[in-house]
There are 2 protein chains.
Amino acid sequence: MDQAKGPRKGRVIGKTNDVNADLIAVVVAVNDAGPCVLTIEEGAALPSGPFELAHRSLQSGLRAWVELQTGQPLGYIEQLYTFADRDRIGANERVISISYLALTREEDAGASGRRSWASWYDYFPWEDHRSGRPPMLEELWPRLIEWADGADDAATRFDRRRRAAVAFGLDDRAWNEELTLQRYELLYEAALVEEAKRGGDSAILAPVPGRSMSADHRRILATAIARLRSKIKYRPVVFELMPPLFTLLQLQRTVEALSGRLINKPNFRRLIEQQELVEKTGATTAETGGRPAQLYRFHHAILDERPVAGTKLPLARA
Amino acid sequence: MDQAKGPRKGRVIGKTNDVNADLIAVVVAVNDAGPCVLTIEEGAALPSGPFELAHRSLQSGLRAWVELQTGQPLGYIEQLYTFADRDRIGANERVISISYLALTREEDAGASGRRSWASWYDYFPWEDHRSGRPPMLEELWPRLIEWADGADDAATRFDRRRRAAVAFGLDDRAWNEELTLQRYELLYEAALVEEAKRGGDSAILAPVPGRSMSADHRRILATAIARLRSKIKYRPVVFELMPPLFTLLQLQRTVEALSGRLINKPNFRRLIEQQELVEKTGATTAETGGRPAQLYRFHHAILDERPVAGTKLPLARA
DNA sequence: GGCCTTATAATCGCGTTGACTATAACTGGA
DNA sequence: TCCAGTTATAGTCAACGCGATTATAAGGCC
């Protein structure tokens, strides 16, 4: 800091502090196959593009890029995080990345160009606990131990073991579905994901299962998953992912797909109904065999009266 | 969007999309007078400065600017929001503002330069409900009604009334301390704060009590207050604002200062203790008259084991 | 008609927590 | 020295939330 003093007058003339601002979108939808993310380049990258003078706002710039690259119009949008301390710091140029989370219904499958929907769990196989603890975690654990024990001093070894145990729910610790980002970062630090090796560093270990993405897009996806898993617990954002009419079980399956864990059915119904988040339409559907189910729609008016106190979900603690 | 197709190759050569990135800090501390924010220019602005090539990261850039302008070193930092769709869109230049929330202990009062601490409630007098509902709200209400009834169609009038009632807890609705931003935005929309008149628009109405700031800094402060009021309920961030040793009442007063409402004392103690967030030091203090109080310290180890499940606070609902 | 599947209703019990009361320990003033 | 005021700390009680479980209804399919 060799600047002249002064709050905003201190900008040195002639020296440019210009940066490029990139907009990156994590567009999420849920279908029968599970939670999906909108990608380009056959699943290798997220839709993104530079923020330009023509854009009225960050959000409209994002919408423009996503629609151009994938044909997908966006509804609900929420800012995720702004990064700048990335590796790609060029000589005299810096890039700021502003990432967004978008929720949509995967309609408009106008097959425009190189868009494709990919399952979350292709990138993070260890995150799906709907069928119980994924077996691959058993193979992951010794590799984390190996990394932890590779530290020089005992304190670091202990700390690494503890962090791994907390993040992955080991040693009688409960699995916490919101730690998606911490888990990915731990694997990155342990050089167990492909992205960690791009710097030419430690090219020995084979990465763990799970598809990688270009740049830090997989990390951004992990951020989005963590944010969404947290948010569905206190805001009624799930409905952005639902069709206009749905059964309570469909709603439950959507929440389960997002959170990666199963929910107790009666409790889920009770909570949804007593919060007046949905209203009956009277219509029923006879699909999927069994007794026909009531079709519900989202009770929009509740958003007006309760702008904050949102959805509580019975995601069991232990 | 008249760009050539392509995800990142579509950048038009010769046309620059460069922007300036500003870093803005909301630095919060709590003292006997209540919750404070670190300001420059005698309370008229928040510390800020451009993100420069010399900065290693956004956070380190922010720290540098705050320390240069106020002499205050920062501890806990968290990103708030990134703005771009602001009024000041110059001819061929755009500014992106990345705002941060910082928590500190107001030590190091090295009186360096133009720094000064100002109470939150100088800027938002309607936000402090520790002594009951502020009387000024009674004067505010008719002005909001006046604004609501000034709309052209009945639907808008009804909607404005509802929004005002929800935000300010009227018509038997409970006061919600987390709606700080919504309240400020409502007052802005109703042209009841000074900032709303800077566009030359509707310079008739006198603004409601409460100090304004330059640019949109007061809005950023509102964002920070809302975020902090929400966060203290589920993460143990309060301790960033506490001295190393403190009594439970001091801790309670700090939470009350932030949330702007009073807390039931026995319940607060029970919750804090049973969560093992603090540990006794054995020492006591005889200040403030009455029976001497135990001095506690923050139980740091709990952060390791419970990275997520944080503080619950008994902030009464109704 | 029996068996599958799913929908829907109802109950039980524990833990959380809001509201309240009681007692302890110290200061300062009459 | 005693009393009043202040704060600390412990304990109680009831209502509610919510996890877990069971029972019943209503359709399809063989």
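A, B, ... follow the sequence lines: proteins, then strands. Residue 1 opens every chain. Scope of the values below: all heavy atoms of this structure, side chains included, with no hydrogens, waters or symmetry mates.
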Give every pair of a protein N or O atom and an N or O atom of nucleotides 24-27 of chain D that lie under 3.5 Å apart, one pair per line with the distance.
| unit_1 | atom_1 | unit_2 | atom_2 | d |
| --- | --- | --- | --- | --- |
| D/dA25 | N3 | A/Arg291 | NH1 | 3.1 |
| D/dA26 | O4' | A/Arg291 | NE | 3.4 |

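Note on ring orientation: taking the six-membered ring where Trp is involved, the planes of A/His129 and A/Trp175 are parallel (angle under 30°, cut-offs 30° and 60°).
When the P atom of D/dC18 is taken as reference, atom CZ of A/Phe268 falls 14 Å away, rounded to whole Å. Distance, B/Asn267 CG to D/dT9 P: 16 Å, rounded to whole Å. Atom P of nucleotide C/dA7 and atom CG of A/Leu251 are separated by 12 Å, given to the nearest angstrom. In this entry the distance linking CG of A/Leu271 with P of D/dG17 reads 10 Å, nearest Å. Nucleotide C/dG18 holds its P atom 11 Å from the CD atom of B/Gln274, rounded to whole Å. Atoms CG (A/Asn264) and P (C/dA9) sit 16 Å apart, rounded to a whole Å. Rounded to an integer number of Å, the gap from CD1 of B/Ile263 to P of C/dA19 is 12 Å. Counting to the nearest Å, the P atom of C/dT6 and the CD atom of A/Gln294 are 18 Å from each other.
In this structure, A/Leu249 reaches the sugar-phosphate backbone alone: every heavy-atom distance under 4.0 Å involves primed, P, OP1 or OP2 atoms, never a base.
Taking A/Phe298 as the reference, A/Phe239, A/His300 meet the ring-ring contact (aromatic ring centres under 6.0 Å, His included) condition, with sequence neighbours excluded. A search for side chain to side chain donor-acceptor pair (under 3.5 Å) contacts involving A/Ser116 returns A/Thr39, not counting sequence neighbours. Every residue two or more places apart in sequence or in another chain was checked for a side chain to side chain donor-acceptor pair (under 3.5 Å) with A/Arg211, and none qualifies. B/Gln252 is linked by a side chain to side chain contact (heavy atoms under 4.5 Å, CB included) to B/Leu249, B/Glu256, B/Ile263, B/Lys265, B/Phe268, counting only residues two or more places apart in sequence or in another chain. With sequence neighbours excluded, the residues satisfying side chain to side chain donor-acceptor pair (under 3.5 Å) with A/Tyr121 are A/Arg229.
The side chain of B/Ala293 has D/dT9 as its nearest neighbour among C/dA9, D/dT9, C/dT17. Listed candidates were C/dA7, D/dT9, C/dA19. Nearest to the side chain of B/Lys265 is D/dT9.
Taking only distance into account, the side chain of A/Arg270 never meets the base of D/dG17 through a donor-acceptor pair shorter than 3.5 Å.
Residues B/Arg235 and B/Glu78 are not paired through a salt bridge, judged by the lack of any N-O separation under 4.0 Å between the basic side chain and the carboxylate.
Comparing B/Thr247 and B/Pro266 by the nucleotide of DNA chain D whose heavy atom lies nearest to each, the residue mapping closer to the 5' end is B/Thr247.
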